[in-house]
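For reference, the structure is listed below as structure tokens.
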2 protein chains.
Amino acid sequence: MKFAKIPMATINRLSIYMRTLQEMLEEDVEVISSERLAKQCGVNPAQIRKDLAYFGEFGVRGVGYRVNDLVVQIKDILGLNRPWNLAMIGVGNLGSALLRHGNFTKHGYIFTAAFDVDPKKVGKRLPNGITVNHVDELEEKIKEKEVLIGLITTPAGEAQGIANQLVLAGINGILNFAPVQIQVPDCCHVENVDFTIKLDSIAYHLSVGS
Amino acid sequence: MKFAKIPMATINRLSIYMRTLQEMLEEDVEVISSERLAKQCGVNPAQIRKDLAYFGEFGVRGVGYRVNDLVVQIKDILGLNRPWNLAMIGVGNLGSALLRHGNFTKHGYIFTAAFDVDPKKVGKRLPNGITVNHVDELEEKIKEKEVLIGLITTPAGEAQGIANQLVLAGINGILNFAPVQIQVPDCCHVENVDFTIKLDSIAYHLSVGS
DNA sequence: TGTTTGATGTGAATTATCTCACATGTTTGT
DNA sequence: ACAAACATGTGAGATAATTCACATCAAACA
Ligand SMILES: NC(=O)c1ccc[n+]([C@@H]2O[C@H](COP(=O)([O-])OP(=O)(O)OC[C@H]3O[C@@H](n4cnc5c(N)ncnc54)[C@H](O)[C@@H]3O)[C@@H](O)[C@H]2O)c1
Ligand SMILES: NC(=O)c1ccc[n+]([C@@H]2O[C@H](COP(=O)([O-])OP(=O)(O)OC[C@H]3O[C@@H](n4cnc5c(N)ncnc54)[C@H](O)[C@@H]3O)[C@@H](O)[C@H]2O)c1
């Protein structure tokens, strides 16, 4: 291990490794080789070893990796050894589905605030116990609840404005579901989820026939 | 332009360019330079020119690109000059939200079939007019309705099984929302949508503080 | 204790992707 | 008709990411 710039792709793969390892834990697998893990994750074994080598030596030569240890290590690397408070902005179709979804909590992501502008939604109590606030209260509530990551599920036209407000409120991690490229200062990290791009990619592959 | 292998990243960016160009069209922008488009999309101008150059010469030197033409060209490249029939497998929380979402149709993706195993859901008529079928009828209905792409929104444990059935039914494009790596033959192209990975990536960036 | 087996960790080679820099062609203005 | 301004298209160079190949160490076993 040496100090080097970590490829973005490595970080994403670490998530996948962790997910797969957690499944294995439930099946009482104690030790795993990079080869087996690689097959399961659909990557090259050397890739896994190299990804991990950016951060340390976690395996035992001739043996493999202890599944449990590796999960702990990867969580440490990714910063998942602590809870992360989330805020949802836009409690519509998609926002509600996400709020209802239990998987986030399981991974340490906790919805602690939700915002909308629709009077029919503001004040409503959600299944997970939180109450929908008006967007006007965004900054106040986000600071009060120590939210660190904002999820944007408003219509596309509103997304940039919401992003601006989030940044002002001190947020520097945004997961954006609206199909627009939002612009933020460097201090803020944005990830986009855009299903249509993925569909376009499938359409392309089917069209060129490979 | 010459014949070369197209980077996957190029295909994904073409989607983004197209989306941005379509917005511009609505604001009556007729011509755009790679520089302006690049800024809007958050990429390097040369990148855009190179991406397009894989497929032809679409611009006018000294002028830029005609927005309308470029949209048409990119659609041609991606295979979006025709409708694509989709099937949704798993009409739960997320599946319903997607089915209700109008944006897909706007881009030429049409839900023509939906499947579930829950007796409470099978037979139900959805807002978009289609009726939920039992998964037992998967192959039959998919062939009948000429579905080309399958969206998996079942619980993770079911995803691989569903993928197998889809492949048997002749599908070779899958958009998988379940948080597992599904294995398919080479003829089938899979794209994964996993929000948790994106959250992990944000958590990492916030943790290392950059 | 020595040998064989097995799987990690990593430098080097390869492959993929991005960016630069400028020649090329277009338009505008004089 | 010519020059100046502009923006594309692209070869070459730089950078990044992946894969190979093997030295290295741990365990098992004779
Ligand atoms: N639903 C999907 O399956 C899906 C799929 C892909 C992308 N998206 C994107 O996700 C976003 C939301 O989609 P949806 O289907 O949930 O739409 P929706 O209309 O059901 O929900 C949007 C919600 O945002 C609220 N809102 C509007 N302006 C707001 C503001 N300024 N501040 C706070 N809240 C505001 C609305 O009141 C509404 O409740 C859209 O950008 C859409 O393109 C959705
Ligand atoms: N809801 C979210 O916001 C969200 C976010 C990220 C990922 N996901 C993933 O998406 C998937 C679905 O999530 P959800 O919240 O909609 O779950 P859900 O339980 O609400 O819906 C799952 C649906 O699949 C159906 N189903 C189960 N087995 C099936 C089978 N063999 N064939 C067909 N249908 C079957 C169930 O009857 C149910 O209707 C899960 O894998 C989940 O991890 C969901």
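Order of the sequence lines fixes the chain letters, A, B, ..., with proteins taken first and strands second; residue numbering starts at 1 for each chain.
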Practice task
For side-chain contact (heavy atoms from CB on, under 4.5 Å), just list the numbers for A:T153 and A:M88, CA-CA rounded to whole Å, side-chain angles, deciding distance to a tenth of an Å, and then say yes or no.
Solution key: CA-CA 7 Å; A:T153 51; A:M88 173 73 70; 3.2 Å; yes
Write down the distance between [atom1] ([X]) and [atom2] ([N]), rounded to a whole number of angstrom.
X     : N      : atom1 : atom2 : answer
B:L52 : D:dT10 : CG    : P     : 11 Å
A:R61 : D:dC25 : CZ    : P     : 6 Å
A:I48 : D:dT19 : CD1   : P     : 11 Å
B:L37 : D:dC6  : CG    : C1'   : 17 Å
A:E35 : D:dC20 : CD    : P     : 12 Å
B:L70 : D:dA7  : CG    : P     : 16 Å
B:R66 : C:dT26 : CZ    : P     : 16 Å
A:F55 : C:dG9  : CZ    : C1'   : 15 Å

Handout entry: SB check A:E35 A:K39 (cutoff 4.0 Å)
Key = no
Handout entry: Aromatic contact, B:F104 with B:H107 (centres under 6.0 Å)
Key =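 No.
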Practice task
For residues B:S15 and A:Y204, determine if any side-chain heavy atom of one lies less than 4.5 Å from a side-chain heavy atom of the other.
Solution key: no
Handout entry: 4.5 Å side-chain heavy-atom contact, A:L86 and A:T112
Key = no
Problem - Any A:S34 side-chain nitrogen or oxygen under 4.0 Å from OP1 or OP2 of C:dA7 - result: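 No.
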Practice task
For C:dG6, take OP1 and OP2 only and decide whether either is under 4.0 Å from a side-chain N or O of A:Y65.
Solution key: no
Practice task
Determine, for nucleotides 16-21 of chain C in 5'-to-3' order, which nucleotides have protein heavy atoms under 4.0 Å from the base (write B), from only the sugar-phosphate (write S), or from neither (write -).
Solution key: SSSBBB
Handout entry: salt bridge (charged side-chain N to carboxylate O under 4.0 Å, His left out) partners of residues 196-207 of chain B, not counting sequence neighbours, each pair once
Key =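 Of all non-adjacent pairs touching residues 196-207 of chain B, those that pass salt bridge (charged side-chain N to carboxylate O under 4.0 Å, His left out) are A:R19-B:D200, A:E191-B:K198.
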